[in-house]
Amino acid sequence: MSEHIVTTVDELNPGERITIQIEGREITVFNVEGTYRAYTNWCPHQSGPVCEGQLSGTWEADLDEEKKINFEWGREDEILNCPWHGWEYDVETGKCLSREGIKLPQHEVTVTDGDVVVTL
Amino acid sequence: MSNKGAQPEWWERNATLKEEMGLPTYEPPRFKDGTHTHEIVAELEETHDCDVRFVGFDTEYPDDWTAVVNGEHVASVGRHRDSNGNTVFEIESSAFKEMVLDGLEVDS
Amino acid sequence: MAKTRYSPQLSDYTVVDTDVHLRIPKEKIARYLDEPYKRRVEQGQFPTDSWDRYKSGRIEKGDVHTAEGLREGLCEQLGVDHPVVNPSMPWLPRIPEGDYAAAIATAYNKYLLDHVVDEDDDFFGIAQIPTQNVDNAVDEIERVGNESNIVGLYIIPMGTPEPLGNPRYDPIFDAAEKYDLTIAFHPHGTISAIDYPKQYYGFNKYISVHTLGFVWGNMQMIVSLIEQGIPVKFPNLTFTFLEGDTSWVPGLMFRLNKEYAARRDELPFLEKNPEDYIREFYFASQPLGEPNDGRDMDHLLEALDAPNMLMFSSDYPHWDFDSPNELSKYLGKLDEEERKQILSKNAVDAFGLNI
């Protein structure tokens, strides 16, 4: 295990991300409304730069009592879209929305004296 | 081309991770001429007692990244993923070295 | 979940990519048109549909329309040695005016030659042929037939009043055979959504028409070729099928065999089983399906006899492209010669490539 200072709290505002090359791979740290999340920048599909895809919302749907499907666009800025083929991931958990059990490799992030630290 | 004689221990770790994920073969990030970035960075950091990083500040693919030397933004660097999903920086290793040394204001 | 398939390094092989598209800006196409079509295109009157292919920017849209762009994006970055490029005007069959469609096809083919095929000796081209008017189609084949490095004809097998195996279209195959040009059928997801079958109007998601249209397009084209005996009439023509998926091909072959055994008298001109004809066709690898268990794809590729029938393709730079390594996951179980067949030799045979 190794610790790496990636940036400072002041330099990574909510909604922003920083991608940094550490030990031969790219790690992206997101500030998700004040919480930090760090992932390795390889899409489990075909190794695309998923962490540098657009953040967006997505469609959700439910079935009502009359068996009608109701669509709603929501979760704005919570969904990470791989720019290669559009695979969607929840930026807060790294979980793939379309494939059970598929998740981005995630890493611990801590804050020490204003430094944002990733542990690999 | 690079000297693979002394492979850093993270190389194998990254290769294993990609294999476990069912992804194509791992190769460390490299420059346009095939030299691995970690070799050049190690050389620069040791010789000039500096810190060299490749950073994407709020980037979306394929935005340019930034070469950061001792915390200073020295230059933009283009990059892309090859067919194995590994990173290639769009600059020759020699040109990158010069860029860093310029940033340090050291004679090359 | 650990997956430990062996994937050979594609950089160790010559790679021919049999389905490479261009995205040519309208203003550049307009330069190859005469009036009044020139002003139509310049004013933005260009057929398209309203599907959100790139998910409003969430999928990166590749924009390549030059030899230099292909050299960098496809050859250097993805490791392809020889692209077989089509100019890809995807909505060509939707243009109801035959002469306008012909002018558009010619403009695209001229652009393909000037800016791609003639610019790089490693590149090959397949010329797009309009299907609204057979005389126009033959004229275009005659126009490009002697161009070196034009190795085939890109035909969208949809949008016509009847399937392209109908005798009405024989002059197209005749001209192709005369110039030794390989036929490359390339379906399109949303052409069917306008023309046939009618219930296509009822699908209101792109995933549905995209899933079905490409499969349907090539599937009905194969059935039409067999129904009308096109391989019998034009024995020197080679047929290839791009971007239609291949997992259904074995099933179709076996079903046609069964049907033919019982209904041979409907096709008395056939000299062998439908499967035997289809096994002389070539199929581009993209899009490779993504089963939950990769071994299912191994079985499908084996049933297809991939080493003899499959040609690598990427569909670069479209949103549903396959990186070369997507195919290489399945090449690990093959021997060296079989891999070379899929990665280049089958394409060389199919298109008569000089490499």
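Because the structure is a prediction, the values reported are computed rather than measured. Every chain is numbered from 1 and lettered A, B, ... according to where its sequence line falls, protein lines coming before strand lines.
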Any chance you could lay out the side chain to side chain contact (heavy atoms under 4.5 Å, CB included) test for C:I59 and A:Q54, step after step, and finish with the verdict?
CA-CA 8 Å; C:I59 299 179; A:Q54 281 193 18; over 6 Å; no

Take a 6.0 Å sphere around [atom1] of [X] and say whether it holds more than 12 heavy atoms from other residues, nucleotides or ligands.
| X | atom1 | answer |
| --- | --- | --- |
| C:E302 | CD | no |
| C:I207 | CD1 | no |
| A:E76 | CD | yes |
| A:E60 | CD | yes |
| C:K26 | NZ | no |

Nearest 0.5 angstrom please: C:N292 CG to A:R99 CZ, how far?
6.0 Å

What part of C:F321 gets closer than 4.5 Å to chain A, counting heavy atoms only: side chain, backbone, both or neither?
both

The single option from A:I79, A:L55, A:N81, A:L80 passing side chain to side chain contact (heavy atoms under 4.5 Å, CB included) against C:R58:
A:N81

Please check if any side-chain donor atom of C:E290 sits under 3.5 Å from a side-chain acceptor atom of A:H45, or the reverse.
yes

